[in-house]
There are 2 protein chains.
Amino acid sequence: MKRIAESTVRRLSLYLRFLEEFEAQGHQTISSGELASQGGTTSAQVRKDLSFFGSFGKRGLGYSVSALSASLREILGLGRQWNVIIVGAGKIGAALAQYKGFRERGFKVVGVYDTDSARVGRSLDGVHVKDQRELEGDVAKLKPQIALIAVPAEAAQPLVDRLVKSGVRAILNFAPTPLTVPKGVTLRSVNMALELEILSYALVNADD
Amino acid sequence: MKRIAESTVRRLSLYLRFLEEFEAQGHQTISSGELASQGGTTSAQVRKDLSFFGSFGKRGLGYSVSALSASLREILGLGRQWNVIIVGAGKIGAALAQYKGFRERGFKVVGVYDTDSARVGRSLDGVHVKDQRELEGDVAKLKPQIALIAVPAEAAQPLVDRLVKSGVRAILNFAPTPLTVPKGVTLRSVNMALELEILSYALVNADD
DNA sequence: ATTAGCTTGTGAAATCATTCACAAGACCGC
DNA sequence: GCGGTCTTGTGAATGATTTCACAAGCTAAT
Ligand SMILES: NC(=O)c1ccc[n+]([C@@H]2O[C@H](COP(=O)([O-])OP(=O)(O)OC[C@H]3O[C@@H](n4cnc5c(N)ncnc54)[C@H](O)[C@@H]3O)[C@@H](O)[C@H]2O)c1
Ligand SMILES: NC(=O)c1ccc[n+]([C@@H]2O[C@H](COP(=O)([O-])OP(=O)(O)OC[C@H]3O[C@@H](n4cnc5c(N)ncnc54)[C@H](O)[C@@H]3O)[C@@H](O)[C@H]2O)c1
């Protein structure tokens, strides 16, 4: 299949969230326009996004909320549970480990790792923090598909290398540093200071 | 001035970070190619990004690290301290309040607010948590330019409305819900579950 | 069965972003 | 001062994404 733009995947994920809300409200069908207004986009965009994957609607009627939800879940790979590990049990790592929003969307935290012996052994919402030396062994055993990186910037690249070597193929990084991964591994970074800098830019350029 | 793409602003922010590292290493000049390789982009992209704002380099030589850093800081509005408030002192709000990375980049947390009386009064790294009823008064007094939203999804829109009414013009939202702001206010959202869903998509479509 | 009223799916057009490619400028060594 | 070697700044070309616009399909009402 043709490569799909990340912006499209991002919107599909948003559409799914709105569909679930709609479903909870008891609606049976939804039009591209309604979906668009929720997501801050246009009806044409919604239809174009969906058209890359097939044809899900009924002309004159719209989309079946439940059928489209199911299709989007399928497309996004959310019909299953993903096992996730978190490395770094500091402030942000602990918050992520306890975040209910992940589990609700099918991402289960199966391990949390740290170097600091003061943190190892503690329990974060049912998952107990282990020493990072157990990382490789656990990855081989538990086969988590996704790893979250919540360690200091300078520890991030060596950690990525270990994770990749152990077989992790998708990484979400929170350390504010550029990282490289070999082909075949997907890396995404969330950089919060950078988000604030974009706001800063917007504030000083408010007049345009 | 012509409107600048967000992707450009994002890269400028990254360039600045690399320049600071370069400066710390004692380098005087840097070429677009060196800057590009750090940021995972191309030299042409770097030059084009900068060209929107002026001409900062010397042909044959490259850019003065310190002069370009200063220019980028100016462009991004980072030549000053920004005051930031955080609403919601739960797990993620507390992590953000204690995050050193913000202060290092000129963002100072001047207030943290919550509804929960068990959390009010605690101190998070020097800033003590106040009752959210003090929000409006404090915003009038402290004039924070930026607010971070770390409350449950259902509390987010009413909170945005209060913040906007009080004069906050830039908001970074961590609640996984769509929010609307009037024109003149900048809103950005960080949606971590969505980041994981993009990874999920990448994993199930690894072969393309 | 026909019509009226919606809404989809999709080529074509328009807009936006990135990459190419090269003239022009700067430095260095001789 | 000149030739050689770099590297910038930038139009033009390419590529990607979004928007437009409309034929075609479905429903419901009569
Ligand atoms: N706190 C935030 O809100 C926040 C926000 C954005 C980004 N970040 C980034 O997230 C990362 C962690 O930040 P934090 O505030 O949680 O810091 P922290 O110091 O609270 O936590 C870092 C943890 O990582 C552990 N660690 C260090 N090296 C390790 C390794 N090799 N293996 C396993 N664990 C290791 C430390 O023992 C510590 O517990 C940093 O890169 C930071 O820039 C934090
Ligand atoms: N924990 C995470 O890692 C994480 C990650 C991504 C997004 N989020 C999102 O961030 C938000 C907070 O998550 P959390 O895990 O910190 O939850 P939490 O329950 O630990 O914290 C929420 C806090 O907000 C406070 N609050 C509620 N309504 C408020 C109001 N009107 N004004 C001020 N404070 C109010 C609550 O008292 C509580 O202390 C949620 O929307 C969540 O989806 C959390």
Side-chain angles (χ1 to χ4, degrees), chain A residues 1-15 18-19 22 27-72 75 198 201-202 205 208, chain B residues 1-15 18-19 22 27-72 75 198 201-202 205 208:
Chain A
M1 187 174 24
K2 206 184 144 295
R3 212 190 137 275
I4 300 299
E6 182 193 305
S7 52
T8 295
V9 177
R10 178 176 293 272
R11 283 190 300 266
L12 291 179
S13 190
L14 288 173
Y15 302 155
F18 305 144
L19 285 168
F22 248 71
H27 294 79
Q28 304 280 306
T29 62
I30 189 172
S31 70
S32 57
E34 293 169 288
L35 213 35
S37 69
Q38 283 292 309
T41 181
T42 65
S43 62
Q45 181 79 80
V46 170
R47 295 198 300 278
K48 183 64 90 181
D49 286 340
L50 296 175
S51 77
F52 295 130
F53 298 92
S55 143
F56 305 98
K58 272 210 176 60
R59 289 168 192 227
L61 195 61
Y63 301 87
S64 150
V65 173
S66 62
L68 185 56
S69 298
S71 299
L72 288 181
I75 290 166
I198 297 174
Y201 175 83
N205 295 277
D208 48 33
Chain B
M1 185 173 26
K2 207 182 144 296
R3 213 190 136 275
I4 301 298
E6 182 192 305
S7 52
T8 295
V9 177
R10 177 176 293 274
R11 282 190 302 264
L12 292 179
S13 189
L14 289 173
Y15 302 155
F18 304 145
L19 285 168
F22 248 70
H27 293 79
Q28 305 279 307
T29 62
I30 188 173
S31 69
S32 56
E34 292 168 289
L35 213 33
S37 70
Q38 283 292 310
T41 179
T42 66
S43 64
Q45 181 79 81
V46 171
R47 296 198 301 276
K48 181 65 89 180
D49 286 340
L50 296 175
S51 77
F52 295 131
F53 298 93
S55 141
F56 304 99
K58 273 207 175 63
R59 290 169 191 227
L61 195 61
Y63 302 87
S64 149
V65 173
S66 63
L68 186 56
S69 297
S71 299
L72 288 182
I75 291 166
I198 296 175
Y201 175 83
N205 294 279
D208 49 37

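The sequence lines fix the lettering, A, B, ..., with proteins before strands; numbering per chain opens at 1.
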Check the phosphate of D:dT18 against A:Arg11, side-chain N and O only, distance under 4.0 Å to OP1 or OP2. Yes or no?
yes
Any residue of residues 55-65 of chain A with a heavy atom less than 4.0 Å from an atom of DNA chain C
A:Ser55, A:Phe56, A:Gly57, A:Lys58, A:Arg59, A:Gly60, A:Leu61, A:Gly62, A:Tyr63
Euclidean distance, B:Tyr15 OH relative to B:Thr41 OG1, rounded to 0.5 Å
5.0 Å
Nucleotide D:dT18, atom C1' - distance to CG of A:Leu50 in whole Å:
15 Å
How do A:Thr42 and B:Ile30 order along DNA chain D: which one's closest nucleotide is nearer the 5' end?
B:Ile30
So, the side chain of A:Ser71 versus the backbone of A:Ala67: is there a donor-acceptor pair under 3.5 Å, distance only?
yes
When you get a sec, tell me which of D:dT18, C:dT7, D:dT10 is the closest nucleotide to the side chain of A:Ser31?
C:dT7
With a non-hydrogen cut-off below 4.0 angstrom, is B:Ser32 in contact with a base, only sugar-phosphate, or nothing?
sugar-phosphate
Gap between atoms CG and P, on B:Leu35 and D:dC6 respectively (whole Å)
20 Å
Spatial distance of atom OG1 (A:Thr8) from atom CD (A:Glu6) [nearest 0.5 Å]
9.5 Å
In whole angstroms, how far is the C1' atom of C:dT10 from the CZ atom of A:Phe53?
16 Å
Out of D:dT17, D:dT19, D:dT10, minimum distance to the side chain of A:Ala5 belongs to D:dT17
What is the distance, to the nearest angstrom, from the CZ atom on B:Arg47 to the P atom on C:dA24?
16 Å
Nearest-angstrom distance from the residue atom CD1 of A:Ile4 to P of D:dT17:
9 Å
Between B:Asn205 and A:Ile4, is any pair of side-chain heavy atoms under 4.5 Å apart?
no
Between the side chain of B:Glu34 and the main-chain N/O of B:Ser31, is any donor-acceptor distance below 3.5 Å?
yes
Quick one: B:Gln45 CD to D:dG9 P, roughly how many Å, whole number?
15 Å
Once rounded to the nearest 0.5 Å, what's the spacing between atom OH of A:Tyr63 and atom CZ of A:Arg47?
6.5 Å
Please classify the nucleic acid contact of A:Ser7 as base, sugar-phosphate, or nothing, using heavy-atom distances under 4.0 Å.
sugar-phosphate
Assert: residue with more 5' nearest nucleotide on DNA chain C, out of B:Asp49 and A:Gly33, is A:Gly33
Atom CD of B:Glu6 and atom C1' of C:dC16 are separated, to the nearest Å, by 14 Å
Minimum side-chain heavy-atom gap A:Phe56-A:Ile75 below 4.5 Å:
yes
Whole-Å distance, A:Lys48 NZ to C:dA14 C1', equals 13 Å
